[in-house]
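The structure appears right after this line, and notes come after that.
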Amino acid sequence: MNDTIAAVSTASGSGAIGIVRVSGPEALKLSSSFLHSKNRILSPEEIPPRNAIQCVFQVGEKKLDQILFLYFKGPNSYTGEDLCEFHFHGNPILLREALDALFRAGARPAKQGEFSRRAFLNEKLDLTEAEAIGRLISARSRFELELAQKNVFGEVSRFTSNLRSQLISLKAECEAEIDFSTEDLTYESLEERKGRIETVKSLCQSVISKSDSAEKLIQQLRIVLYGEPNTGKSSLMNRLLGKDRSIISEIPGTTRDYISEEILLEGIPVRLVDTAGVRDTEDKIEKLGIERSEKEFRAADIRLVLIDVSRKENWKEFIKRGRDRLEGSVVVANKIDVRDSSWDRNAFADLNNSIVCEISCKTGEGVPALLETIKERAGAVGHSEDYVLLEERQRYHFETIVRSLENTLRLLTEGAPAEIYIKEIDYALSEIGEVNGRVDTEEILGRIFSKFCVGK
Ligand SMILES: Nc1nc2c(ncn2[C@@H]2O[C@H](COP(=O)(O)OP(=O)(O)OP(=O)(O)O)[C@@H](O)[C@H]2O)c(=O)[nH]1
Ligand SMILES: [Mg+2]
């Protein structure tokens, strides 16, 4: 890691600003040879750290751009090394040209995540923070972003250090016992120790389960609108989207194929799918559409079954025919503004795990309550405070710790001597070390930083 690397650090494509970064021992010398001010090259001594310098980036006689230049002297930089930043105007061809000039001057193209990798190796970041930065950049929803932000500010690191100190005091306590092995543990102190191990274990487990719930919300939920033709699926779709996406008409069988769009529920993106109305038909295309509706229905995370309450219907019979579709679903009783006297909400009372929402797509009545129901089903309390996001690697370590603690408890119950079960606690401790990445193996680092973009 003694060479000097360079890369474009801003997103590809044009933009107001495009940043090229150079990091390593030669960063300043190499960079300054391109900086011109008042028609002469700036010398490295003229460039104070952390000062924005307005100058011209010039390759030989060719003036490339008017730029802003920043120098961060190591170790006070992102990477912990000497780091230079060129703020160009964000034209990709221009940036490429500047970068090529830097390469010719001796910089090497940075690999994916190499800037952050150096930051980690120079102890500017621990692994969980580095991973959080990766997540911060790639987050696709406000919810995911908030969770990444918490981790950038050390949520997982803090939890890990807390866990570590609890395990260390547990270990110290057990070691003390080896020294005084003549005095057997009393029943009370044995139970007390078990209790403490249980506490640490459930701490770990609760983080894992919070992360599982967060993970579910990050993976986009599919909400499918399903039902007979003309029940108002497309009308509801448009209302929830707030725009005319699906064609609506009084002709049954209007929607022929499914249509899907993303909406945000409290910052959580969900996919809304409008399907073709389901009925017996001889129409070949409509049939294909209906097959797709069924497929979407099966694949849905949340099912909204629409029914038309302006129709004269024997609802008890209706439920008999479609019980398997209605159970587990949100029954959306639409057109409540023109309800028929035959409408009987109570007929749905004995369905398992289903709920009736009366709405009107025409007036908007009942739609907010329906949205609340959807949010509840999505498990979307929507506040990132209630969740922690673990990367797969971190999760794996926490699971191993839980297993070690379970083994410790088992050994303790079996009456094993402290020398034996202390080994399990040691094992848990070494796993903790890996969460923050102080036990670095090339392979793990390679995996983590390869997910980063070049220039990060
Ligand atoms: N009065 C009233 N009419 C509605 C309401 N919702 C929908 N409609 C009307 O019902 C008809 C059918 O609506 P769509 O949204 O096209 O129904 P759909 O379920 O998508 O129908 P298909 O695509 O054929 O399966 C249209 O004429 C709508 O204007 C409502 O709440 N009240
Ligand atoms: Mg439709």
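In what follows, residues are counted from 1 in the order of the sequence shown. Just so it is clear, the values below take in all heavy atoms, side chains as well, and ignore hydrogens, waters and symmetry mates. Counting convention: from 1, in listed order, for ligands and their atoms alike.
Taking distance alone, with nitrogen or oxygen atoms compared against 3.5 Å, Gly277 approaches ligand 1 more closely than that limit. Taking any N or O of Ile247, backbone or side chain, none lies under 3.5 Å from an N or O belonging to ligand 1. For the pair Thr275 and ligand 1, the shortest N or O to N or O distance does not fall below 3.5 Å. Considering both main-chain and side-chain atoms, Ala276 never comes within under 3.5 Å of ligand 1 through any nitrogen or oxygen pair. Taking any N or O of Lys362, backbone or side chain, at least one lies under 3.5 Å from an N or O belonging to ligand 1. Among the atoms of Cys361, some N or O lies under 3.5 angstrom from an N or O of ligand 1.
Two rings, from Phe143 and Tyr387, have their centers less than 6.0 Å apart. Annotation: Trp343 is in aromatic contact with Phe348 [ring centroid separation under 6.0 Å].
Taking backbone and side-chain atoms together, Thr255 has an N/O/S atom less than 2.8 Å away from the Mg ion (ligand 2). Using a cut-off of 2.8 Å, one finds that Thr275 contributes no N/O/S atom close to the Mg ion (ligand 2).
Side-chain contact of Thr275 with Glu296: a donor-acceptor pair under 3.5 Å is absent, judged by distance alone. Counted by atom type alone, Thr79 and Arg21 present zero donor-acceptor pairs between their side chains at under 3.5 Å. Side chains of Ser234 and Asp274: a donor-acceptor N/O pair is present below 3.5 angstrom, by distance only.
Among all non-hydrogen protein atoms, the one lying nearest atom 11 (C) of ligand 1 is Asn230 OD1, 3.3 Å. Annotation: atom 3 (N) of ligand 1 to nearest protein heavy atom, Lys335 CD, 3.9 Å. With hydrogens left out, the protein atom closest to atom 13 (O) of ligand 1 is Ser235 OG, 3.5 Å, a heavy atom.
Using a cut-off of 4.0 Å between Lys/Arg side-chain N and Asp/Glu carboxylate O, Glu294 and Arg325 are scored as salt-bridged.
Each of the atoms 11 (C), 12 (C), 13 (O), 16 (O), 26 (C), 27 (O) of ligand 1 lies under 4.0 Å from some heavy atom of Ser249. Per-residue contacts place Ser360 under 4.0 angstrom from the following atoms of ligand 1 (heavy atoms of the residue considered): 31 (O). Residue contact check: Val338 has heavy atoms under 4.0 Å from atoms 1 (N) of ligand 1. Listed by atom number, the atoms of ligand 1 under 4.0 Å from Pro252 heavy atoms are 24 (O). Of all the atoms in ligand 1, the ones that sit under 4.0 Å from a non-hydrogen atom of Asp337 are 1 (N), 2 (C), 30 (C), 31 (O), 32 (N).
Ring geometry, Phe318 versus Trp315: the interplanar angle exceeds 60°, so the pair is classed perpendicular (tilted spans 30 to 60°).
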Passes salt bridge (charged side-chain N to carboxylate O under 4.0 Å, His left out), Glu228 versus Arg311? Steps please.
CA-CA 12 Å; Glu228 291 175 4; Arg311 251 171 30 190; 2.9 Å; yes

Walk me through whether Asp100 and Arg96 qualify under salt bridge (charged side-chain N to carboxylate O under 4.0 Å, His left out).
CA-CA 6 Å; Asp100 282 340; Arg96 188 71 242 173; 3.2 Å; yes

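Screening Ile208, Leu389, Val435 against Arg395 for a side chain to side chain contact (heavy atoms under 4.5 Å, CB included) leaves a single residue, Ile208.
Comparing heavy-atom distances from atom 6 (N) of ligand 1 across Thr255, Asn334, Leu306 singles out Asn334 as nearest.
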